[in-house]
Each structure stands twice: as structure tokens, then as C-alpha cells.
Amino acid sequence: MDIAVIGAGLLGCGAALELAARGARITLIEALDEPLRGAALANEGKLHFGHVYARDDSLATARLMLQGALAMGPALRRWLDDSSVERLPRGAPYRYAVHRDSLSSPEEIGAHYQACARLAREMLGTGRVDCFGADPREESLRIPLGSDCNPACVQALFQTPEISLDNRAMAALLRARVLAEPRITLLAATRVTRAEADADGITLHMQGGQSRRFAHTINASWESRLALDASLGIAPPPEWTFRLKYVVHLRGMRPLGFPPSTVCLGAFGDVVMLPDGEALLSWYPSGRRAVSQELAPPDWPRGMQGEAAQALREQMLAGLSEVFPPLLALGDDPAFAQGVVQGGVIYARGTRDVHEASSGLHARSAIGRQSYGRWHSVDPGKWTTAPFFATEVAEHIMPRQRQVA
Ligand SMILES: Cc1cc2nc3c(=O)[nH]c(=O)nc-3n(C[C@H](O)[C@H](O)[C@H](O)COP(=O)(O)OP(=O)(O)OC[C@H]3O[C@@H](n4cnc5c(N)ncnc54)[C@H](O)[C@@H]3O)c2cc1C
């Protein structure tokens with residue numbers, strides 16, 4: 001069976017590998033020069049266990065994040081191998097600092113974390129968990145404010161079981177695996193512009209005038225997903241937002257002994273600490289640079305260099321170090337000025353931004369696959385949930401019992 005996958009992000013590469021393992025021939029079509037250079041690379045690699053989504057009282061988002069996080073390890077073991085997964089660099093568990101301007105109180109947030117742990121216990125029972133050494137069943141404990149938190153900003157501190165993975169290392173492994181897979185043909189630097197469907201297949205039209213026909217197509221194009229769906233007459237959801245967000249990726253930093261930390265709940269940020277002097281800084285008020293509610297966002301620049309990049313590094317550090325003063329020392333490290341500023345697009349339902357309590361961005365449960373005959377449009381929602389939905393769409397198209405040798 002010839003299947004097209006549009007978009008070689010974590011979702012698209014995962015779906016391609018999953019289908020290839022089931023005997024399909026895949027054409028993976030990617031607008032950029034290489035797989036895994038889009039949001040899959042720009043993100044912070046946080047494996048969400050639901051903690052950020054404390055404003056979704058239904059717990060639907062927390063449940064999906066947990067499903068996604070628990071599917072990540074087994075999926076990578078299938079697509080890569082056990083030893084690569086074991087060696088994937090990961091951070092220590094996150095602390096969550098509740099900001100004085102948080103949209104939820106420490107008590108509400110503490111209750112939500114208990115609910116996340118309870119959900120994880122319901123899902124996992126008492127068995128072994130394959131989650132990069134983390135265990136989402138662990139309770140998040142409220143801990144005293146350390147001397148590294150500014151009490152004028154932080155009203156409560158929790159130790160959670162959430163971790164980050166080195167998503168760049170993961171992307172490099174998956175890229176090599178996709179390129180080596182004989183059942184996957186990569187069409188890089190090729191943008192799909194529109195699609196046409198009939199009873200037996202899907203015709204894809206690509207920039208430059210080329211067209212190809214496939215038995216099935218997976219739309220894993222993230223930021224082009226709504227526009228490509230629309231070319232088939234599929235209506236977008238009632239409201240949505242594309243946001244351009246930048247993070248700063250620091251390499252070769254002197255060890256600071258600072259734990260990974262998220263500031264919640266609202267328009268704040270994170271500091272991600274990984275082994276070997278790697279760190280990521282993200283401060284939402286400085287890093288979120290553009291918003292679009294069009295069917296496709298403009299061609300926003302993803303890189304940033306020179307003075308603009310230095311200014312953004314300093315703004316990110318200023319925002320974070322107001323909350324965590326010891327982070328100021330990062331600015332004295334010679335490697336700070338080399339920090340790579342990388343932008344990526346975030347798609348989500350809703351039009352209000354995260355500083356508003358009523359924002360739809362505080363839930364991420366209306367995600368996943370929607371199939372229209374042979375066209376399968378997948379919104380993975382998060383990086384955390386991409387392998388889960390990659391597996392799900394592959395299973396929908398080629399259930400395991402129909403595998404061919
Ligand atoms: C700054 C930032 C931080 C984030 N942090 C986290 C986090 O810590 N944890 C988390 O779980 N999630 C996080 N996310 C969200 C996460 O990155 C995305 O949800 C996820 O990566 C989407 O995966 P994807 O494979 O669908 O997207 P992508 O990796 O963007 O893949 C889509 C691919 O499709 C290609 N493409 C687009 N249009 C076309 C077309 N017309 N034709 C051909 N190819 C096309 C693109 O070039 C791209 O390679 C973050 C996002 C950003 C931007």
C-alpha cells in the first residue's frame with residue numbers, strides 16, 4: 001500500500017516508521033531540507049504529565065498528556081532500539097513555582113497535581129513504568145521555598161515527577177532512522193500545496209507543479225494542516241491560534257546546579273537543565289513574538305541572529321532570573337552569548353492567550369486524528385502526544401492483524 005505522510009516532524013516520522021514496520025511503502029514529504037527541523041526541534045522537550053493543564057477541571061488534557069508520555073518510551077523502542085532509548089539524555093524532575101500572579105491558587109494547583117498522580121495510578125496500576133526513569137504516579141510534594149526563589153514572585157513551590165528529554169538528540173536518532181528505512185522515501189524541500197480526493201485515493205499537488213497519487217494520506221503538517229484540510233473542503237474548528245514562540249538553547253554551559261523549573265500558571269516560562277551543560281530558557285512574555293488566526297500562519301522567521309538574538313537572550317534571562325535570582329549567573333558564562341535562539345509555531349484551539357483564565361489554550365484535549373475517507377488529518381497537540389497519535393493513525397490505516405510480511 002502506498003501511503004503519503006505530509007510533514008516530517010515527530011508525528012510524521014513516527015507514523016512513517018510505524019507504517020513501514022507494518023509493511024507499507026511510505027512517501028514522506030517535507031517542506032524543509034531535512035526531517036525534524038520544525039516544531040519537533042524548536043520545543044523544550046518537556047514530557048508533560050498533565051501538570052501544566054491545571055485549568056482543565058475535566059482532567060481530559062491531563063489524561064491525554066499521560067497517555068502520550070507513557071506511549072513515548074515504547075514507541076521509541078519500536079522505532080529506534082532499547083539502547084538508544086536508555087542513553088537518551090534527560091533532565092532531573094521539574095519544580096513548579098507558583099507565581100504570585102498565577103491564574104490558579106497553590107491549593108487549586110496542588111489538588112490538580114494530586115489528581116494527575118491519581119490518574120496515572122489508575123492508568124498504570126502498580127506495574128513497572130517505561131517512562132525514561134520517571135514515574136507519573138509519584139505525588140508532587142509542596143516543598144519550602146528555597147533561597148533560589150524570589151519570595152516577591154513565588155508563592156509556593158512543588159516538586160513534580162515531570163522531566164524533559166533532549167529532543168535534539170532524539171531528533172538526530174530518528175532522522176538517521178527515517179533516512180535508513182528502505183520502505184520510506186523522503187521528498188525533502190517539497191511543499192504540498194493542495195490535495196484532491198476521490199473514492200480510491202488522494203492526489204497531492206506540490207510546489208513546482210508535481211502531483212502524486214496515494215492510497216492514503218496523513219496530514220501531519222502541523223502549521224499547514226488547516227490549509228491543506230481546507231483544500232479538500234474540510235472546515236477548520238470554530239477558533240484557533242498560531243503562535244510564534246522562541247526559546248534560547250544554551251550549550252557547553254558551566255554546571256550551575258540549578259534544577260529544571262517551570263513558573264506557573266499563566267504567561268511565564270521555564271528553565272530546562274539537561275546533562276552536559278545544555279540548558280533551554282523560555283520566558284513567554286519575551287519569547288512569544290507573533291500571533292495569527294489565519295488558516296495558515298505567515299512565513300515567520302524561525303532563526304534570530306546578531307543584536308536581536310542577544311536582546312532576546314537577555315530578556316529571557318531577565319524574566320526568569322527575577323523569579324530565580326541564581327540564574328543571573330548564566331549571563332556571566334561565556335557560552336551564554338552563543339546561545340541559539342530558535343523559533344517554532346504552536347497551533348492550538350482558542351483565541352485568547354495564556355494570561356487569560358478563560359483561554360482555550362489551557363486545555364489541549366480536542367486533539368488527535370480526524371479521518372475523511374483516505375485523508376487522515378492529525379493534530380498531535382503536543383510533542384509529548386505525537387508518538388501516541390502517530391501510532392494511533394498507523395493502527396487506523398493498517399491494523400496490526402493486517403500486517404504484511
Ligand atoms: C517553542 C516551543 C516549545 C514547545 N515546548 C513543548 C514541550 O516542552 N513539550 C511538548 O510536549 N510540546 C511542546 N511544544 C509543542 C510541540 O513542539 C508540537 O506540538 C509538536 O512538535 C508538533 O509536532 P509535529 O510533528 O506535528 O510538528 P512539526 O515538527 O512542526 O512537523 C511538521 C512538519 O511539517 C512540515 N510542513 C509544514 N507544512 C508543509 C507542507 N505544506 N508540505 C510539506 N511539509 C510541510 C514542516 O516543515 C514540519 O517539519 C512546543 C512548541 C514550541 C514551538
Side-chain angles (χ1 to χ4, degrees), residues 4-16 27-53 61 64-65 68-69 72 91 94 162-165 167 170-171 174-175 178 186-195 204-207 217-229 231 242-249 260 262 269-270 272 280-284 287-290 296-297 299-300 302 316 341-348 361 364 367 377-390 393:
V5 178
I6 311 173
L10 182 56
L11 173 69
C13 288
T27 302
L28 181 57
I29 310 171
E30 169 54 51
L32 300 175
D33 290 344
E34 276 193 314
L36 295 148
R37 292 277 171 206
L41 194 69
N43 75 70
E44 291 151 59
K46 179 187 269 200
L47 199 55
H48 285 274
F49 296 165
H51 292 64
V52 166
Y53 293 99
T61 307
L64 267 175
M65 292 301 130
M72 176 87 81
Y94 275 89
E162 270 188 356
I163 57 163
S164 268
L165 303 175
N167 73 341
M170 190 204 284
L174 282 169
R175 197 176 294 129
V178 162
L186 175 70
L187 295 186
T190 306
R191 179 171 288 278
V192 177
T193 51
R194 66 187 173 86
L204 297 181
H205 299 278
M206 296 164 230
Q207 214 166 26
T217 295
I218 298 173
N219 181 2
S221 64
W222 188 236
E223 59 199 81
S224 302
R225 194 178 63 84
L226 298 185
L228 289 176
D229 282 359
S231 75
F242 291 103
R243 289 170 288 158
L244 172 67
K245 184 180 150 187
Y246 288 94
V247 297
V248 174
H249 182 203
T262 290
D270 306 88
V272 181
L280 284 105
L281 308 181
S282 153
W283 187 248
Y284 194 80
R288 199 232 61 194
R289 285 297 169 102
D299 191 14
W300 285 319
R302 309 301 155 92
M316 297 273 205
V341 177
Q342 168 94 46
V345 172
I346 305 177
Y347 161 82
L361 307 187
R364 209 56 63 87
I367 57 175
S377 178
V378 187
D379 169 10
K382 302 290 282 184
W383 178 79
T384 302
T385 30
F388 174 78
F389 288 119
V393 68

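Each residue takes its place number in the sequence, starting with 1. Each ligand, and each atom within it, is numbered from 1 in the order the structure gives.
Note: W222 and Y347 have perpendicular aromatic rings, judged against thresholds of 30 and 60 degrees for the angle between ring planes.
Contact check on R302 versus E223 returns a salt bridge, with a Lys/Arg side-chain nitrogen under 4.0 Å from an Asp/Glu carboxylate oxygen.
Between W222 and ligand 1, no N or O atom pair is found at a separation short of 3.5 Å. Between V192 and ligand 1, at least one pair of N/O atoms sits closer than 3.5 Å. Here's the thing with L10: one of its N/O atoms is less than 3.5 angstrom from an N/O atom of ligand 1. In terms of polar-atom proximity, A39 is counted as a contact of ligand 1, with an N or O under 3.5 Å from an N or O of the ligand. Residue contacts with ligand 1: E223 is placed with no nitrogen or oxygen under 3.5 Å of a nitrogen or oxygen of the ligand (distance criterion only). Inclusion of G12 in the set of residues having an N or O under 3.5 Å from an N or O of ligand 1 is not warranted.
With ligand atoms numbered from 1 in the order given, ligand 1 contributes 21 (O), 28 (P), 29 (O) to contacts under 4.0 Å with heavy atoms of A40.
Distances from atom 26 (O) of ligand 1 to the heavy atoms of P380, S221, A69 put P380 nearest. The nearest non-hydrogen atom to atom 14 (N) of ligand 1, considering only N43, T384, L32, comes from N43.
With hydrogens and angles ignored, the 3.5 Å screen pairs a side-chain donor or acceptor of N167 with a backbone N or O of N43. A donor-acceptor pair under 3.5 Å is absent between the side-chain atoms of D379 and the main chain of I367, judged by distance alone.
Using a 4.0 Å cut-off between heavy atoms, R37 makes no contact with ligand 1 at all. Counting heavy atoms closer than 4.0 Å to ligand 1, residue I6 contributes side-chain atoms (C-beta onward) but none from N, CA, C or O.
Scanning the protein for heavy atoms near atom 15 (C) of ligand 1, the closest one is W383 N, 4.0 Å.
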